[in-house]
Amino acid sequence: MSYITALSPASISRVEPLAVDSAPGLAKRPQESFNAVFASLLQHVNDTQLQAQQRMVSLEAGQDNVIDAVMAIQRTNQTMNMVIQVRNRLVDGYHDVFNQQI
């Protein structure tokens, strides 16, 4: 016995979109500037690099697990690759805008 019913186009058309201004639980968040977001991203990358470095030092001292150290290094590698991809996209966007003819 299943209480799940299929949605029909008639039932979907009765659904009204929720207005963001009228939603009581959704407070408007001030927009962050690109500079603040990018600085936060770079700080996160720096933190992961420092954490991986600390894991390596503690691994050399025999105080840490090899798996945890390798996972920290991989996490650092992934975050660094993400930042490189963001930078590449920004540079490509800059070149696209710069090369547009007016």
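Just so you know, these numbers use all the heavy atoms, side chains as well, and skip hydrogens, waters and symmetry mates.
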>> Please determine whether side chain to side chain contact (heavy atoms under 4.5 Å, CB included) holds for the pair Thr48 and His44, giving the CA-CA distance in whole Å, both sets of side-chain angles, and the decisive distance to 0.1 Å.
In response: CA-CA 6 Å; Thr48 57; His44 176 70; 3.9 Å; yes

Do Val86 and Val37 share a hydrophobic cluster, counting only Ile, Leu, Val, Met, Phe, Trp and Tyr and linking them when any side-chain heavy atoms are less than 4.5 Å apart?
-> no

Close side-chain approach of Met71 to Arg55, heavy-atom, < 4.5 Å: no

### Query
Is any side-chain heavy atom of Tyr94 closer than 4.5 Å to a side-chain heavy atom of Val91?
no

Review point. Would you call Asn77 and Ile73 a side-chain contact if the rule is heavy atoms closer than 4.5 Å?
Key: no

Shortest non-hydrogen pair, Ala52 vs Ala72, comes out as CB-O, 3.8 Å

Please report the C-alpha distance between Gln43 and Asp47 in whole Å, then the side-chain angles of each, then the deciding distance to 0.1 Å, and finally whether the side-chain hydrogen bond (donor to acceptor under 3.5 Å, both in side chains) criterion is met.
-> CA-CA 6 Å; Gln43 183 64 39; Asp47 292 343; 3.0 Å; yes

In short, Leu59 meets Ala69 closest at the heavy-atom pair CD2-CB, 3.9 Å

Could you tell me whether the side chain of Gln53 reaches within less than 4.5 Å of the side chain of Leu50, counting heavy atoms only? yes

Does the Ser40 side chain pair with the main chain of Ala36, one donor and one acceptor, at a distance under 3.5 Å?
no

Taken to the nearest 0.5 Å, the spacing of Arg75 CZ from Asp68 CG works out to 8.5 Å

dist Thr79:OG1 -> Gln51:CD (nearest 0.5 Å) comes out at 10.0 Å

CG of Leu90 to CZ of Phe34, rounded to nearest 0.5 Å, is 4.5 Å

| field | Crowding at CE, Met82 (>12 non-hydrogen neighbours, <6.0 Å) | value | yes

